[in-house]
Amino acid sequence: MNSINRRSILLAGLGAAGAGALAACTNSGSAPALVSPSGSAVAATEKRRGGTGRQHKIALTAAPARVDLGGGVKANTWAFDGRTPGKEIRLSTGDTLVAELANQLPGKTTTSIHWHGIALRNDMDGAPPATQTAVRPGSTFTYRFVADAPGTYFFHPHVGVQLDRGLYAPLIVEDPREPLAYDDEWVVVLDDWVDGVTGTPDEVFAELKQGMGGMDMSGSPFMLMGAESDLLGGDAGDVKYPYHLVNGRVPDDPDVYTGKPGRKVRLRIINAGSDTAYRVALSGHTMTVTHTDGFPIQHQRTDALLIGMGERYDVLVTLADGVFPLVALAEGKKTSGLALVRTGSGRAPTAAVRPRELDGTVMTASRLRAADDVRLESATADVTHRIELTGGMMHYNWAINGKPFDMADPDANAILVEEGRRARLDFVNTTTMWHPMHLHGHTFQLGRSGPRKDTAIVLPKKKLSVFFDADNPGQWMLHCHNAYHGEAGMMATVAYQA
Ligand code: C2O
Ligand code: CU
């Protein structure tokens, strides 16, 4: 059977009972049959998750909105319920989220919600066309799944470059037996912002797609040249953003966290950006890094940390007395986002403040170790896949293994795994740019003892091996979380065989 036939069976099976059996039985050619997102293997895995039985019901409307970014800056964008970031969702481990998405986006704009980082049932992953049909304007779709791992997550659409609109919000899964001791927490969402200020993400993508060959860069409204970072191995990013936001605010009019000196606060830092890594520091404080991408690590102290698109870091700080800037420096881009911590009197710093901690030790995932209770015991794999990251700016042909992802034929880029096996992915970055590679539905481990993550930075010309247990059957996207690289084609599916 060719891949188009297999795909149409998968799609036809969505919503139809018994689709898994159908997909499993019709394998006649050399291509293996794949687990259907709505099939019995997915349902069985969800059943094993069990859960508390408690339901958390919410409604989300994706619609055009005029949002206030502070400092007199207003922007026409698309947002959930008129605000950006959208309202945080908070669950307790094992609870079922029931979220009804209403699509009120303009024209023919379809959408979806992807629950980034959550190991959920495949048919609720919100990745059209692999796991569902995109939600049409004027219609609704209800997501319903058990969230069984505590941690810091977020959600966003998985259609086109909608990630670079205002359509994102934090998703926090609390641990009822939280082992960390702290007094309070503060969710810090970072975002690079263009929409409704200098143009739209679709316009940005249209310009990037023309490639650099023969382009007159001086007249280019969206393309940023010369963003360089040693930490990122060279070219840091390619999109010119008029603003970098922390919790939806511009630096001139920042979000303020008010607390008391001596209190211990857990910061949950989320990079919801599309083309910007941030170097984050809180002036006057060292941070103790406790988690990345929801999972615990062996605690490490640092002055600053580097966070790529799609990554999350949790840190503990013990508050000092005064007013302190939390700065998210757009790595290699020379501009920054700002928020404030206020525990006493003092004047607020200017928008351009650059705490010296930014130039101290900068934590990166490669220096972290998984906590003992989440480390994958041995790093031996049953199957190894070489994932070459390919393409470049010249032709804007970002791809995996030289094949740009084709939405009409997702299986053409299928990376096959079998349930119950340990898989290893060797990311080999042949390009001259870094890529934050994200796998849906799983939390892989970096190397033998590195952190468990779902999004990992792969530096230019470098190789990164990650391991994961294939314990969540379905069809899962694997892609660069640079919204523009992913949309250009640096995307594949990790496909469970039936
Ligand atoms: Cu946060 Cu496939 O995405
Ligand atoms: Cu990329």
Side-chain angles (χ1 to χ4, degrees), residues 1-14 19-45 119-123 125 127-132 158 376 379-390 399-428 430 435 437-445 454 456 458 463-480 486 489-498:
M1 190 188 342
N2 68 37
S3 52
I4 293 176
N5 286 343
R6 268 193 293 141
R7 176 56 37 182
S8 44
I9 286 166
L10 284 175
L11 281 179
L14 289 169
L22 181 61
C25 295
T26 47
N27 179 26
S28 55
S30 53
L34 304 180
V35 165
S36 162
S38 57
S40 56
V42 171
T45 304
L120 43 46
R121 53 178 305 155
N122 188 229
D123 53 350
D125 193 46
T131 67
Q132 71 171 108
H158 219 280
L376 297 180
T380 50
D382 300 308
V383 58
T384 301
H385 290 286
R386 184 181 164 91
I387 313 290
E388 257 188 45
L389 311 178
T390 58
I400 284 179
N401 295 331
K403 277 182 291 185
F405 188 72
D406 180 0
M407 284 291 170
D409 186 12
D411 297 343
N413 260 9
I415 292 148
L416 297 176
V417 296
E418 276 176 69
E419 189 176 357
R421 300 292 174 85
R422 168 76 54 82
R424 173 172 144 193
L425 305 178
D426 289 341
F427 294 111
V428 181
T430 71
H435 304 283
M437 295 304 296
H438 173 52
L439 172 62
H440 289 203
H442 302 76
T443 302
F444 49 65
Q445 176 170 298
D454 52 67
V458 188
K463 179 180 153 181
L464 176 71
S465 294
V466 304
F467 298 82
F468 67 93
D469 285 324
D471 58 3
N472 195 14
Q475 308 302 313
W476 301 101
M477 308 313 294
L478 170 70
H479 64 93
C480 177
M490 191 176 276
M491 198 176 285
T493 56
V494 166
Y496 279 64
Q497 293 179 236

Interatomic distance, [X] atom [atom1] to [Y] atom [atom2] [nearest 0.5 angstrom]:
| X | Y | atom1 | atom2 | result |
| --- | --- | --- | --- | --- |
| R422 | D471 | CZ | CG | 10.0 Å |
| M477 | H158 | CE | NE2 | 6.0 Å |
| F444 | L464 | CZ | CG | 7.0 Å |
| L478 | F427 | CG | CZ | 5.0 Å |
| M490 | E388 | CE | CD | 10.5 Å |

Can H440 and H479 be said to form a side chain to side chain contact (heavy atoms under 4.5 Å, CB included), step by step?
-> CA-CA 9 Å; H440 289 203; H479 64 93; 3.3 Å; yes
Residues 489-498 vs salt bridge (Lys or Arg N to Asp or Glu O under 4.0 Å), sequence neighbours excluded, gives none
Between [X] (side chain) and [Y] (backbone), is there a donor-acceptor pair under 3.5 Å?
| X | Y | value |
| --- | --- | --- |
| D125 | W476 | no |
| T45 | N472 | no |
| D426 | T384 | no |
| Q445 | L376 | yes |
| D454 | H438 | no |

How about [X] and [Y]: do any of their side-chain heavy atoms sit closer than 4.5 Å?
| X | Y | value |
| --- | --- | --- |
| N413 | N401 | no |
| C480 | M437 | yes |
| Q132 | P37 | no |

Looking only at heavy atoms, what is the nearest atom pair of [X] and [Y], with distance?
| X | Y | answer |
| --- | --- | --- |
| M407 | P128 | SD-O, 4.0 Å |
| P32 | Q497 | CB-NE2, 3.5 Å |
| M491 | G486 | CE-O, 3.7 Å |
| I400 | T390 | N-OG1, 4.0 Å |
| A381 | A423 | CB-C, 4.3 Å |
| P473 | A41 | CG-O, 3.6 Å |

A495: what forms a side-chain contact (heavy atoms from CB on, under 4.5 Å) with it, not counting sequence neighbours?
->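 Partners of A495 under the side-chain contact (heavy atoms from CB on, under 4.5 Å) test: L34, A414, L416, Q475, T493.
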Does the side chain to side chain contact (heavy atoms under 4.5 Å, CB included) test come out yes or no for R386 and V428, once each step is laid out?
-> CA-CA 7 Å; R386 184 181 164 91; V428 181; 3.8 Å; yes
What orientation do H442 and Y496 show, parallel under 30°, tilted 30 to 60°, or perpendicular over 60°?
-> parallel
